[in-house]
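Everything on this sheet refers to the single structure shown next.
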Amino acid sequence: MTFVSGPVTVRTPASSANLGPGFDALGLALTLYDEITAEAVDTPGLEIEVSGEGARDVPRTSDHLVVTAMTAAFDLLGVRPEGLRLECVNAIPHGRGLGSSAAAIVGGIVLARALVENGDERLDDRAAFQLAVDLEGHPDNVAAAMFGGLTIAWIDGASAEVERLGTGVQVTAFVPPDAVSTEKARGLLPETVPHRDAAVNAGRAALLVAALTTAPERLIWATEDRIHQTYRAEAMPESYKLLRQLRVEGIPTIISGAGPTVLSFARGIGEWAPAGWAVHELDVDVEGARPL
């Protein structure tokens, strides 16, 4: 088994998980992308260049998340290059609930596979997805990043499963200047929630699948959540304030993933952004991570 000649580039989409009531299950791929380029070389060593989002913070060592994912994929493929050159051009904000870590993991796996001749036959999509879930720890963001579209993901025993659906929704992402760690946001969640709240969320999650695929007029009801967003409000008060303001106006709005990005299923509402926040009007990515 050998490596392909020359560099390979993979584009990986941002993703929004939960989408309100679909906690740890629903994901949506978005048209905001990281691009990573790598080349297997004969000279031992690792060269990493990073530009864009997170460039000042991420390591230039084997601890870089893309490299970690590539190494895990190479091990499943049964081969490692002598040396590796890697360039990351990041557009997905880090620590904002838009799936930057999932994009790095999925992008690294797809890139490693593309660098190996016949790699997609030796590591098929199902195995690649399982590896991504094992590395990330939960399936929602990596499912959307890998397959594109609207995804429903779950874990059956040790096996990661996914169902992909098409959707034509458009969104506006309000991205605050400061990050919130996923660990901190998860740490605010209670061990148990009231049965009535769980029942409401189950119904809304079912309705949300319909709203995103065939009944967009139901989105304001379908995006109601009672089991995670309110509990996390203290970690992102400005985000929660904007969420409530937009929903009062009848605009279907959720906290993206663990936050603090606020995602609305609407366009032309950028004037609602607080000072210093970035606004991205996005479509749904339909391809997922892929070599260019």
Side-chain angles (χ1 to χ4, degrees), residues 1-15 29-94 98-137 139 141-148 160 162 285-292:
M1 186 170 13
T2 59
F3 294 95
V4 301
S5 178
V8 175
T9 298
V10 167
R11 186 178 76 169
T12 310
S15 55
L30 302 172
T31 53
L32 183 67
Y33 302 97
D34 284 352
E35 289 189 4
I36 50 177
T37 301
E39 182 178 9
V41 295
D42 294 332
T43 305
L46 175 63
E47 299 178 20
I48 303 176
E49 295 182 10
V50 183
S51 61
E53 295 286 342
R56 294 181 297 178
D57 304 318
V58 298
R60 268 66 167 179
T61 66
S62 59
D63 292 332
H64 191 290
L65 192 52
V66 170
V67 178
T68 299
M70 293 183 74
T71 300
F74 283 139
D75 287 345
L76 286 184
L77 289 161
V79 62
R80 284 195 189 186
E82 286 293 322
L84 190 67
R85 294 183 184 134
L86 177 68
E87 180 183 5
C88 303
V89 181
N90 299 333
I92 304 172
H94 287 202
L98 287 171
S100 61
S101 65
I105 290 169
V106 169
I109 293 169
V110 173
L111 185 56
R113 186 172 67 175
L115 282 170
V116 176
E117 289 187 351
N118 300 316
D120 56 348
E121 297 176 6
R122 297 182 62 87
L123 185 66
D124 63 17
D125 285 348
R126 183 177 181 85
F129 175 55
Q130 182 69 56
L131 176 59
V133 174
D134 291 343
L135 292 172
E136 175 76 342
N141 283 104
V142 294
M146 180 162 286
F147 298 109
V162 61
D285 168 86
V286 297
E287 296 180 312
R290 65 182 183 91
L292 296 178

Practice problem: Take E87 and T37 through the test side chain to side chain donor-acceptor pair (under 3.5 Å) and record every step on the way to the result. | Solution: CA-CA 5 Å; E87 180 183 5; T37 301; 5.0 Å; no
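- Atom CG of residue L65 and atom NE2 of residue H94 lie 9.0 Å apart, to the nearest 0.5 angstrom.
- Judged as a salt bridge (Lys or Arg N to Asp or Glu O under 4.0 Å), the pairs with a partner in residues 42-66 (not counting sequence neighbours) are, in order, E47-R85.
- For the residue pair S15 and N141, a side-chain donor N or O sits within less than 3.5 Å of a side-chain acceptor on the partner.
- Remark: D125 engages R113 in a salt bridge, criterion side-chain N to carboxylate O under 4.0 Å.
- Residues L76 and L131 are in side-chain contact: their nearest non-hydrogen atoms beyond the backbone lie under 4.5 Å apart.
- Between the CG atom in L98 and the CD1 atom in I92 there is a gap of 7.5 Å [rounded to 0.5 Å].
- Within the 4.5 Å cutoff, the side chain of L86 has heavy atoms near those of the L111 side chain.
- Every pair passing ring pair (Phe, Tyr, Trp, His ring centres under 6.0 Å) that includes a residue from residues 60-93 is listed here, sequence neighbours excluded: F3-F74.
- To the nearest 0.5 angstrom, R290 atom CZ is 8.5 Å from D285 atom CG.
- Within the structure, salt bridge (Lys or Arg N to Asp or Glu O under 4.0 Å) pairs that include any residue of residues 65-83 comprise D75-R80 (at least two apart or interchain).
- Side-chain contact between V67 and I48: present, with at least one pair of heavy atoms (C-beta onward) separated by less than 4.5 Å.
- The closest side-chain heavy-atom distance from T9 to I36 is not below 4.5 Å.
- For the residue pair E117 / T2, a side-chain donor-acceptor distance below 3.5 Å is found, with atom types taken as modelled.
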